[in-house]
Amino acid sequence: MAGQELPGVLILDIGGTQGVLENLVALLKKHFHLVTMKEFLKNKKEMGKKIQSVFVFECRPTIDRELLESLPNLKVIANSGVGVDHLDLKMISSFGVKVTNTPQAVADSTADIGMALMLASARRLVEGN
């Protein structure tokens with residue numbers, strides 16, 4: 001993307017308990033200009049024009065009408081989780097914004113732990129320990 005500005009992506013933070021994992025930041029920065037919520041709130045008017053996507057990690061940042069109104073060029077909200085119950089899809093679509101998620105991301109892990117718990121229960125492993 002030589003000579004072109006990278007698309008802006010709004011994230012809550014980098015690292016910590018609620019931010020994007022630090023080991024993913026380098027990969028994301030190859031394709032996007034990351035804007036933390038703190039940076040965005042300092043200069044909403046200017047930063048709002050640059051942001052084309054919001055990356056929702058652990059249900060944050062919260063997507064509400066006020067946020068959507070402050071992002072005139074927003075095209076997509078990318079949810080890192082399986083469900084989208086925490087997002088008001090009707091409101092978001094009224095702004096012409098698409099929503100993505102990762103529906104099969106933990107299907108195998110969930111099935112594995114379910115089977116392990118059933119086997120542990122059937123064989124009374126906790127009691128035997």
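Throughout, residue positions are numbered sequentially from 1 according to the sequence presented.
Put simply, the side chain of Asn79 never gets that close to the backbone of Thr100: no donor and acceptor are under 3.5 Å apart. One N or O on the side chain of Glu39 and one on the backbone of Thr36 form a donor-acceptor pair closer than 3.5 Å. For Ser121 (side chain) and Leu117 (main-chain N/O), no donor-acceptor pair under 3.5 Å exists by modelled atom type.
Smallest separation of non-hydrogen atoms from His31 and Leu27: CD2-O, 3.5 Å. Nearest heavy-atom pair across Gly48 and Pro72 is O-CD, 3.5 Å.
Between Leu34 atom CG and Lys29 atom NZ the span is 6.0 Å, to the nearest 0.5 Å. How far CD1 of Ile11 is from OG of Ser80: 11.5 Å, rounded to the nearest 0.5 Å. A distance of 14.0 Å separates CG in Leu119 from CZ in Arg124, rounded to the nearest 0.5 Å. Atom NZ of residue Lys45 and atom OG of residue Ser70 lie 11.5 Å apart, to the nearest 0.5 angstrom. One finds the CG atom of Leu28 at 11.5 Å from the CG atom of Leu6 (value rounded to the nearest 0.5 Å). With values rounded to the nearest 0.5 angstrom, Glu127 atom CD is found 9.5 Å from Leu125 atom CG.
Taking a 4.5 Å side-chain heavy-atom cut-off between Ile, Leu, Val, Met, Phe, Trp and Tyr, the cluster of Leu74 extends to Leu10, Leu12, Val35, Met37, Phe40, Leu41, Met47, Ile51, Val54, Val56, Ile63, Leu67, Leu68, Leu71, Ile77, Val84, Leu87, Leu89, Met91, Ile92, Phe95, Val97, Val99.
No more than 12 heavy atoms of other residues, nucleotides or ligands lie within 6.0 Å of CG in Asp108, so this atom counts as exposed by the packing criterion.
Between Glu22 and Ile14, the closest side-chain pair of non-hydrogen atoms falls below 4.5 Å. Asp13 places none of its side-chain heavy atoms less than 4.5 Å from the side chain of Gln18.
Under a 4.0 Å N-O distance rule, the pair Lys44/Glu66 qualifies as a salt bridge.
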